[in-house]
Student: 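The structure's right below; bear with me while I get my questions together.
Model, not experiment: these values are computed from the prediction. We number each residue from 1, following the sequence as shown. Read the numbers this way: they start at 1 and go in the same order the structure lists the ligands and their atoms.
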Amino acid sequence: MSRRLTAALASAALLTLSATLPAAAQSSSTPTRHSAPAPKLVPVPVSLHVTSGTYQITAKTKIVVPSGTGLRAASYLAGLLRRSTGFPLPIAREGAGIVLDASGGVGQGDEGYRLSVTSDGVLINADTGEGLFRGVQTLRQLLPAKVESHAKQAGPWKVSGVEIEDYPRFAYRGAMLDVARHFFSVKQVKRYIDLAAAYKVNAFHLHLSDDQGWRIAIKSWPRLAKFGGRTAVDGDPGGYYTQADYREIVKYAQKRFITVIPEIDTPSHTNAALASYAKLNCDGKAPKPYTGTDVGFSSLCTGKDITYEFLDDVIRELAKLTPGPYIHIGGDEAHSTKQKDYTKFIGKVQKIVHKYGKSMMGWEEIAGAKISQDSVAAHWNPVTGTQEGTELARNAAKNGVKLIMAPADHAYLDMKYTHKTPLGQDWAAIVEARRAYDWDPAKLITGVGEGDVLGVEAPIWTETMKTLSELEYMAYPRLPGIAEIGWSPASSHSWSGYRSRIAAQGPRWVAGSVSFYRSPQIPF
Ligand code: TNX
């Protein structure tokens with residue numbers, strides 16, 4: 001098991017304890033040390049005190065990083081602030097200004113940080129560069145909304161006094177993007193990642209293959225991308241990432257302390273692969289490419305050796321491109337694979353994932369097979385629907401397998417907001433902003449508690465979405481709600497508090513040209 005994964009799990013356990021500490025200022029009614037209103041932050045921090053004094057960023061302000069560890073966070077902050085303020089904001093080793101100090105002493109895990117603003121400056125303390133980066137995202141929301149603008153704006157750039165201590169409830173806060181049903185370019189993917197980073201999302205799961213398209217070049221099986229990548233839903237144009245493109249995405253995410261998790265969906269959702277190579281089919285005949293939206297009709301030939309040679313090659317190449325600890329093997333909706341074949345198949349694939357030094361992630365159906373405790377299962381079946389969904393998750397927990405909570409009836413960003421939403425689907429539920437936010441990952445399923453949950457994920461399936469602005473419309477405001485559930489203490493959960501804080505994000509999205517949905521449930 002990778003050291004990073006062990007650390008993630010250990011910090012999940014640690015944070016479970018810390019999350020019972022009282023949370024401050026989740027709503028503006030919380031008493032503060034000063035009478036000024038509390039800044040409206042998403043996710044709400046563990047503790048927040050308003051203090052006197054105001055700091056102003058000017059043309060002379062420096063970003064100070066006493067050690068190299070802070071450089072990634074500093075250059076991100078400089079990039080953001082230079083764009084809207086037009087100030088030079090040099091990064092210096094010493095002096096006053098905006099100080100990003102990773103020399104430690106915070107003791108709240110890799111992502112924990114302390115942030116204080118006085119009239120003399122801004123100080124962010126953390127134990128790691130990652131902690132500083134999360135703190136920078138908070139600082140961003142303390143600045144006027146126009147800081148999100150991509151063009152130079154007039155100041156003043158004031159930050160009012162505050163003392164914040166913060167760390168996440170769960171180690172994993174993910175966003176998933178389906179680039180298989182419709183393809184999205186590297187540039188569009190980067191923008192999706194960047195918007196999510198503002199809400200302290202730390203995992204980006206790319207759904208790279210499905211019946212309708214294969215989106216990553218695999219050198220040992222070139223037809224997967226060249227032929228299998230041509231199609232998309234409704235006959236729309238396909239596309240695929242070269243390995244260089246993919247590395248660029250990984251690097252971009254790394255700069256934001258976001259781990260990319262590649263998914264190759266198996267054994268079902270594989271028509272694009274089966275159409276690319278006849279020899280992968282049990283009858284040796286390649287099916288036609290598929291551009292509809294049915295699920296569960298395709299299956300790899302689980303009894304053939306070539307299937308595992310194929311997966312060995314794909315997983316080897318993917319593992320090489322993946323600095324993170326996980327390879328996602330799908331495993332969902334294998335309606336055309338017999339249960340006993342499915343169980344055997346998952347066991348074999350897990351072995352391949354281990355062979356290349358990674359841990360297996362999969363949809364919750366994988367918990368129906370014998371899987372080891374370093375594997376992670378994602379709960380997605382709506383609790384209101386089939387028994388099967390909750391049983392699989394409970395089973396995973398019983399066997400010591402950690403869960404990611406992504407229940408379709410709360411966390412799926414492709415569910416319609418209302419019956420009238422022009423995009424999306426409604427098979428799991430109609431998911432308005434409140435429904436996306438108002439649930440607790442550790443209370444959803446009997447037998448799945450805080451310690452069983454690695455974190456949360458908000459998937460966006462793209463059968464009905466083709467453009468970046470359509471993605472943004474479905475993801476905002478719901479994605480920040482899921483991110484807050486994953487980050488903020490359970491004791492801070494309050495729809496009325498959240499509602500007013502998320503409303504304050506509206507002007508930020510306007511400034512950053514995010515095509516969000518103006519939910520009538522939120523006073524935008
Ligand atoms: C179910 S949930 C799927 C996807 C679809 C999605 C549409 C899951 C693991 N599989 O294949 O795109 O519903 O909402």
Student: Nearest to atom 2 (S) of ligand 1, what protein heavy atom do you find, and at what distance?
Tutor: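 Among all protein heavy atoms, the one nearest atom 2 (S) of ligand 1 is Tyr412 OH, 2.5 Å.
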
Student: Could you say whether the N/O atoms of Asp332 and ligand 1 ever approach to under 3.5 Å?
Tutor: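 Checking ligand 1 against Asp332, an N or O pair does fall under 3.5 Å apart.
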
Student: Look only at interatomic distance and state if Asp414 has a nitrogen or oxygen under 3.5 Å from any nitrogen or oxygen of ligand 1.
Tutor: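 Yes, there is a polar N/O contact under 3.5 Å.
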
Student: Atom 3 (C) of ligand 1: which protein heavy atom is closest, and how many Å away?
Tutor: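 Looking only at protein heavy atoms, the one closest to atom 3 (C) of ligand 1 is Glu333 OE1, 3.4 Å.
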
Student: For salt bridge (charged side-chain N to carboxylate O under 4.0 Å, His left out), just list the numbers for Glu130 and Arg134, CA-CA rounded to whole Å, side-chain angles, deciding distance to a tenth of an Å, and then say yes or no.
Tutor: CA-CA 6 Å; Glu130 188 176 5; Arg134 304 296 173 230; 3.3 Å; yes

Student: What are the atoms of ligand 1, with element, lying closer than 4.0 Å to any heavy atom of Gln425?
Tutor: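 Atoms satisfying the 4.0 Å criterion: 7 (C), 14 (O).
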
Student: Would you say Trp363 has any N or O atom under 3.5 Å from an N or O of ligand 1, going by distance alone?
Tutor: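 For ligand 1, there is no N or O atom that lies under 3.5 Å from one belonging to Trp363.
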
Student: Please indicate whether any nitrogen or oxygen in Trp427 is less than 3.5 Å from any nitrogen or oxygen in ligand 1.
Tutor: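 Indeed, backbone or side chain, Trp427 has an N or O that close.
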
Student: Relative to each other, are the rings of Trp363 and Tyr412 parallel, tilted or perpendicular (30° and 60° limits)?
Tutor: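 Correct class here is perpendicular.
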
Student: Under 4.0 Å from a heavy atom of Met415: give me the atoms of ligand 1 that qualify, with their elements.
Tutor: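 Within the 4.0 Å cut-off of Met415, ligand 1 contributes 14 (O).
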
Student: Parallel, tilted or perpendicular for Trp509 and Tyr199, by the 30°/60° rule?
Tutor: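 Judged by the thresholds at 30° and 60°, the geometry between Trp509 and Tyr199 is perpendicular.
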
Student: Do any N/O atoms on Asp210 end up under 3.5 angstrom from N/O atoms on ligand 1?
Tutor: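 No; the residue has no nitrogen or oxygen that sits under 3.5 Å from a nitrogen or oxygen of the ligand.
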
Student: Which residue and atom name correspond to the protein heavy atom nearest atom 11 (O) of ligand 1, and how close is it?
Tutor: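 Sorting protein heavy atoms by distance from atom 11 (O) of ligand 1 puts Arg181 NH2, 2.9 Å first.
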
Student: Examine Trp461 against ligand 1 and note whether any of their N/O atoms are separated by less than 3.5 Å.
Tutor: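 No: no nitrogen or oxygen of Trp461 is under 3.5 Å from one in ligand 1.
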
Student: Check the angle between the aromatic planes of Tyr241 and Phe183 and answer parallel, tilted or perpendicular using the 30° and 60° thresholds.
Tutor: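 Correct class here is tilted.
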
Student: Quick one: do Lys358 and Ile315 satisfy side chain to side chain contact (heavy atoms under 4.5 Å, CB included)? Show the steps, please.
Tutor: CA-CA 10 Å; Lys358 302 294 179 187; Ile315 292 168; over 6 Å; no

Student: Output yes when a side-chain donor or acceptor of Gln350 lies under 3.5 Å from a complementary backbone atom of Gly347, and no otherwise.
Tutor: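 Not confirmed, Gln350 side chain does not pair with Gly347 backbone.
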
Student: Which heavy-atom pair separates Tyr476 from Ala196 by the least distance, and what is that distance?
Tutor: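 For Tyr476 versus Ala196, the nearest heavy atoms are OH-N, 3.4 Å.
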
Student: Please write down residue, atom name and distance for the protein heavy atom closest to atom 12 (O) of ligand 1.
Tutor: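 Protein heavy atom at minimum distance: Glu463 OE2, 2.6 Å.
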
Student: Within 45° of the six-membered ring axis of Tyr498 and under 6.0 Å from that ring's centre, is NZ or CZ of Arg501 located there?
Tutor: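 Geometry flag: not set, cation outside 6.0 Å or 45°.
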
